[in-house]
Amino acid sequence: MMQSNNHPQTSTVPALAASSCLSLFNLSAGQIAQVLSLAHSMKAAPHNYRHCLQGKSIALLFEKPSLRTRVSFDVGIHQLGGHAVYLDAKQVGPGSRETVTDIANNLACWTHAIVARVFDHSTLVQLDKAKVPVVNALCDQHHPCQTLADLLTLQELFGDDLSPLKIAYVGDGNNVCQSLMVGAAALNIPLQVFTPAQMAPKQSFIQQLNSAYPQHRIVIRDDIANAAELDVIYTDTWISMGEDPAASASKKQQLAAFQVNADLLKQTGAHHVMHCLPAHRDEEISSSVLDDQLDLVLRQAENRMHAQKALLALILNEDL
Ligand code: CP
Ligand code: NVA
């Protein structure tokens, strides 16, 4: 299934002219391609890159739970010769024990980068005032590392040029959806988004996307019954971490028709289903479809590590 490619098989890590990655808007289309190319090479020959982060320590500051992001950053940093320091935000107390900027300035005394999972995107902006790069490990608006892994996975399945791909995101127009939209625009993928109108990404985000990628338009629709002719369907939870639980029941009701199940696959002809996980079986995805697609979904999870290794190496490697 893996396509051949021209990705370099050497340990040379060239410069990435971006210091932080608060969202994929911080990277140009060329830089996203550069991260993906290096991720392919790192996955193929991890040994060649084992010293990339030698002597570097990276803080992992998490305000929300995580399985994949936490483990893939920790193990990936170890594989590059660096050291990860996990910080539970409940202990550190951003905004309560001390200000976010004070925390960031302190972390910059000892570490070379801050990877942070936060409730509010503005927390990342405050962290980014310190003198070390900040990488978004998920916030309310973006999940850039997830999208980098997803693009890597799609390239493994379909080859480097993803522009002929017929792919749709189905469900809540959330952080994962928004990052996928930016990634799709960067790689010229004609993504369609099927979501109830009231859950579509906000106009301010669409304007930012259109201004970053003026030639690219992503179609947003709410008529899931008319979805047709797809290669890939992507979905994510209907209720994201940090959302008001009181609104859950009504939101789930409005999204019921957007469940990814055998009927939707038959209707669209899609053979591949992607999910960032954690999945809520028989809500956004039927349990049987998830089980059928587990190889692909776990490949996305595995690729989190390869994509994040490449991103960190490009941001932090000083032999540039
Ligand atoms: N996909 C993802 O970010 O998973 P975690 O929430 O477990 O990190
Ligand atoms: N949209 C989900 C993604 C989890 C990885 C959330 O923010 O909870």
Side-chain angles (χ1 to χ4, degrees), residues 21-24 39 58-77 84 86-90 114-124 135-154 169-183 193-196 199-202 205 233-245 247-248 251-252 254-255 258-260 273-281 283-285 290 293-309 311-312:
C21 180
L22 306 194
S23 76
L24 289 181
I58 298 174
L60 307 182
L61 176 64
F62 278 57
E63 289 184 341
K64 296 178 182 175
S66 170
L67 171 68
R68 281 146 291 270
T69 308
R70 178 178 174 179
V71 176
S72 58
F73 266 109
D74 194 328
V75 174
I77 290 165
Y86 178 77
L87 297 162
D88 178 348
K90 283 193 195 75
I114 301 169
V115 171
R117 168 168 284 198
V118 299
F119 284 100
D120 202 305
H121 186 79
S122 64
T123 305
L124 296 168
V135 172
N136 183 352
L138 181 147
C139 68
D140 55 337
Q141 296 174 40
H142 301 280
H143 199 359
C145 295
Q146 181 68 52
T147 296
L148 290 172
D150 297 337
L151 295 173
L152 186 67
T153 306
L154 287 168
Y169 177 94
V170 176
D172 185 25
N174 61 14
N175 46 6
V176 168
C177 174
Q178 293 200 158
S179 284
L180 189 64
M181 288 171 76
V182 186
V193 173
F194 288 92
T195 185
M199 293 174 208
K202 289 197 180 65
F205 167 79
I233 293 178
Y234 195 120
T235 192
D236 179 26
T237 181
W238 289 342
I239 312 295
S240 285
M241 293 179 278
E243 275 193 64
D244 179 6
S248 296
K251 198 171 171 196
K252 284 181 190 175
Q254 294 170 73
L255 279 158
F258 292 77
Q259 186 189 70
V260 177
V273 176
M274 298 177 78
H275 195 308
C276 60
L277 302 178
H280 301 79
R281 288 170 178 264
E283 290 190 5
E284 75 274 4
I285 188 167
L290 182 64
Q293 298 286 331
L294 216 49
D295 282 354
L296 176 54
V297 168
L298 290 177
R299 189 194 283 228
Q300 289 176 258
E302 185 199 332
N303 283 341
R304 293 293 305 278
M305 182 178 77
H306 305 297
Q308 289 156 192
K309 282 171 69 176
L311 180 64
L312 287 175

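Remember, it's 1-based here, ligands and their atoms both numbered in the order they're listed.
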(request) Starting at CG of Leu24, measure out to CG of Leu180 and round the result to the nearest 0.5 Å. (result) 9.5 Å

(message) Tell me whether the count of non-hydrogen atoms from other residues, nucleotides or ligands lying under 6.0 Å of CG in Asp295 goes above 12.
(response) no

(request) Any chance you could measure Ile239, atom CD1, to Leu255, atom CG, to the nearest 0.5 Å? (result) 7.5 Å

(message) Side chain or backbone, does Arg117 bring an N or O within less than 3.5 Å of an N or O on ligand 2?
(response) no

(message) Let me confirm one number: the CD-CZ distance from Glu63 to Arg117, rounded to the nearest 0.5 Å.
(response) 11.0 Å

(message) side chain to side chain donor-acceptor pair (under 3.5 Å), that's the test. Do Glu284 and Thr235 meet it? Break it down for me.
(response) CA-CA 7 Å; Glu284 75 274 4; Thr235 192; 6.0 Å; no

(request) Name the closest protein heavy atom to atom 3 (C) of ligand 2, giving the residue it belongs to and the distance to 0.1 Å. (result) Asp236 OD2, 3.6 Å

(message) If we set the cut-off at 4.0 Å for heavy atoms, which region of Leu138 has an atom near ligand 2: side chain, backbone, both, or neither?
(response) side chain

(request) With sequence neighbours excluded, tell me which residues meet ring pair (Phe, Tyr, Trp, His ring centres under 6.0 Å) with Phe258. (result) none

(message) Would you say that Glu243 contacts Asn174 through its side chain, given a criterion of any heavy-atom pair below 4.5 Å between the two side chains?
(response) no

(message) Is it the case that the side chain of Lys251 and the backbone of Trp238 share a donor-acceptor pair, with hydrogens and angles ignored and the cut-off at 3.5 Å?
(response) yes

(message) For the CD atom of Gln146 and the CG atom of Asn136, what is their distance to the nearest 0.5 Å?
(response) 12.0 Å

(message) Residue-level breakdown please: for Asn175 versus ligand 2, do any non-hydrogen atoms fall below 4.0 Å on the side chain, on the backbone, on both, or on neither?
(response) side chain

(request) Under 4.0 Å from a heavy atom of Asn174: give me the atoms of ligand 2 that qualify, with their elements. (result) 1 (N)

(request) Drop me the distance from Ile233's CD1 to Phe194's CZ, to the nearest 0.5 angstrom. (result) 8.5 Å

(message) Residues around ligand 1, heavy atom under 4.0 Å from any ligand atom, sorted by chain and number. Can you pull those?
(response) Ser66, Leu67, Arg68, Thr69, Arg117, His143, Gln146, Cys276, Leu277, Arg304

(message) Tell me whether Pro278 has any N or O atom under 3.5 angstrom from an N or O of ligand 2.
(response) no

(message) I'd like to check which ligand 2 atoms, numbered from 1 as shown, lie under 4.0 Å from a non-hydrogen atom of Thr237.
(response) 1 (N), 2 (C)

(request) May I ask whether Leu277 places a heavy atom under 4.0 Å from ligand 2? (result) yes

(message) Just to confirm my output: which protein heavy-atom neighbour is closest to atom 8 (O) of ligand 2, and how far is it?
(response) Met241 N, 2.8 Å

